[in-house]
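These notes are about the structure you will find just below.
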Amino acid sequence: MRKTLVVGAGQSGLQLALGLQSQGYEVTLMSNRTADEVRAGRVMSTQCMFHTALQHERDLQINFWESQAPRIQGLGVSVAAPDSSRAVDWVGMLDGYAQSVDQRIKMAGWMETFAQRGGQLVIHGAAVSDLDFFARRYDLVLVSAGKGELVSMFGRDAARSPYTAPQRALAVAYVHGMGPRPEHPDFDAVRCNLVPGVGELFVMPTLTNSGRADILFWEGLPGGPLDVFQGMKDPNEHLAVTLELLERYLPWEYARSTKVELTDAGGTLAGRYTPTVRDPVGRLPGGGLVLGVGDVVVANDPITGQGSNSASKCAASYLASIVERGEEPFDEQWMRETFDRYWRTAQHVTKWTNAMLAPPPEHVLNIIGAAGQFQPIADRFANGFDDPSDFENFFYDPAKAEAYLGEVAARV
């Protein structure tokens, strides 16, 4: 039985550990926190998982919260005009529903499931020196802990990483008491609100420890009026500032937020990071090799909501590569081929996310505007969140965009 060590208990690490376990591998999982500490801790993300990623969980039969989490049927875009009215407002319908489950619930539950199924769960904050020791005792060491010392083993891939500094200041609040969007009170949708020159607000329904909630997620241009959350310790102050900014820039979202309250004291999060693609192979001081997983190797800004989706797709791709390897050694060539297989999917996410961080060119503004007139355009844009490779066909190239918009208009 081949022995694997997975370091890091997030979406990619846990999904991969549970997948390997289901295939009969002897798996050790290292986490720097217990399941109870995760469950009672601070929120970790704004996860909204679309159909393909959700299917990976179903395939492993670890979709434990699917019947409880809100079913997100659409994805809407609004653009604020200078007078704070809506210059653009539409919603595209998803072919398969999306869902968001607070990672405090999911990761804690998955850790407990892993242990119940016979996996060895080690609560220990791993350092490079620890991996140097373990690399000689396992057939494969996978690093999915996307922060701290371990990430330094994986060098930045400059050719695939156009940004050298954070492009957004991030601020998250989980709330109860938010009203529905009056345009579609009968179904849930992620709402993307764009404030040109200022930033973006995303609103998404989620399942948290205390039941259904909504996530208010500001992405502010660094140094701009939304970049005010850094170092803010008081969660109530964080919420108050979130709402003040809503009232100023997005009055239609503020109107349904006047009665909100935080889900819990750990329901806020703020930070920033630089979008980075890294070399997938980490070299240990003793000569051993480890393979990076998830956002260790491909970390995108959350502006396109791809973090947990990419983590799930990476885990599924790696699982297939590991199983197909059989008894052959997990050498450097295999590690690079394994990453390249995942990159065939991930490259589209990175290209699209980096494009959305930049000021939109005229042809992209035309697409967003036309989606308000033609439902098929809105639906196609919404479903790109599940399969970003489709943006190659109509989003980046002005000529392709013009041709597509012309085709849709001619059909109507």
Side-chain angles (χ1 to χ4, degrees), residues 6-17 19 44-50 52-53 56-57 103 107 140-168 170 219 271-283 289-322 332 334-358 384-392 396:
V6 179
V7 182
Q11 174 76 41
S12 58
L14 271 163
Q15 183 182 316
L16 185 52
M44 296 179 280
S45 67
T46 58
Q47 68 294 314
C48 180
M49 300 186 69
F50 295 89
T52 300
H56 290 318
E57 296 185 359
Q103 289 196 339
M107 301 312 134
L140 177 63
V141 176
L142 299 143
V143 177
S144 66
K147 299 175 182 176
E149 175 190 344
L150 299 185
V151 180
S152 65
M153 291 190 296
F154 304 92
R156 177 175 175 268
D157 185 338
R160 292 170 171 171
S161 306
Y163 296 117
T164 57
Q167 298 301 296
R168 293 292 189 274
L170 314 174
E219 287 227 348
R272 65 188 74 204
Y273 60 86
T274 305
T276 307
V277 178
R278 299 183 179 90
D279 188 297
V281 179
R283 300 183 182 279
L289 301 177
V290 297
L291 177 60
V293 184
D295 60 7
V296 168
V297 286
V298 183
N300 292 303
D301 188 279
I303 192 169
T304 54
Q306 295 298 297
S308 57
N309 293 275
S310 292
S312 177
K313 292 172 182 178
C314 181
S317 178
Y318 278 26
L319 176 61
S321 294
I322 293 167
E332 181 173 355
W334 174 85
M335 288 183 176
R336 296 195 178 280
E337 289 172 351
T338 294
F339 173 77
D340 289 343
R341 179 181 186 172
Y342 166 57
W343 179 247
R344 289 196 287 272
T345 298
Q347 64 179 326
H348 300 294
V349 177
T350 296
K351 181 176 181 178
W352 177 45
T353 304
N354 289 341
M356 292 297 287
L357 287 168
F385 281 72
D386 182 45
D387 179 14
S389 69
D390 186 43
F391 288 114
E392 290 285 352
Y396 303 113

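Any value given below was found using the heavy atoms of this structure, including those in side chains, with hydrogens, waters and symmetry copies removed. As the structure is a computational prediction, the values presented were derived from the model and not from experiment. FYI, the numbering just counts along the sequence from 1.
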I need the Gln11 CD to Met107 CE distance, nearest 0.5 Å.
4.5 Å
Side chains of Thr350 and Val298: closer than 4.5 Å at any heavy-atom pair?
yes
Do Leu357 and Ile303 come within less than 4.5 Å of each other through their side chains, counting heavy atoms only?
yes
Looking at every non-hydrogen atom in both residues, tell me the closest pair between Ala17 and Val6 and how far apart they are.
CB-CG2, 4.3 Å
Do Asp295 and Tyr273 have side chains that approach each other closer than 4.5 Å (heavy atoms only, starting at C-beta)?
no
Could you tell me the separation between the CG atom of Leu289 and the CZ atom of Arg336, rounded to the nearest 0.5 Å?
8.5 Å
Rounded distance [0.5 Å steps], CG in Leu170 versus OG1 in Thr46
8.5 Å
Mind listing the closest non-hydrogen atom pair of Ser144 and Gly13 along with its distance?
OG-CA, 3.2 Å
With a 4.5 Å heavy-atom cut-off, do Glu392 and Lys351 have their side chains touching?
yes
Measure the acute angle between the ring planes of Phe385 and Trp352, then classify it against the limits of 30° and 60° as parallel, tilted or perpendicular.
perpendicular
Strictly by side chain to side chain donor-acceptor pair (under 3.5 Å), give each pair with a member in residues 304-322 just once, sequence neighbours left out.
Gln15-Ser312, Thr304-Thr353, Ser321-Arg341
Within-4.5 Å side-chain heavy-atom neighbours: Val290 and Phe154
yes
For the atom pair CD1 (Ile322) and CG (Leu291), what is the distance rounded to the nearest 0.5 Å?
7.5 Å
Between Arg283 and Glu332, is any pair of side-chain heavy atoms under 4.5 Å apart?
yes
Quick one: closest heavy-atom pair of Val349 and Pro388, and the distance?
CG2-CG, 3.9 Å
Roughly how far, to the nearest 0.5 Å, is CZ of Arg156 from CG of Asp279?
13.0 Å
Main chain of Ala315, side chain of Ser12: is a donor-acceptor contact present, judged purely on distance under 3.5 Å?
no
Separation between SG (Cys314) and NE2 (His56), nearest 0.5 Å, reads 10.0 Å
Distance-minimising heavy-atom pair for Leu14 and Ala9
CD1-O, 3.2 Å
Closer than 3.5 angstrom, by distance alone: can the side chain of Arg168 be matched with the main-chain N or O of Asp301 as a donor-acceptor pair?
no
Please work out whether the ring planes of Trp343 and Phe339 are parallel, tilted or perpendicular, with thresholds of 30° and 60°.
parallel
Do you know the tightest heavy-atom contact between Asn354 and Pro275?
OD1-CB, 4.2 Å
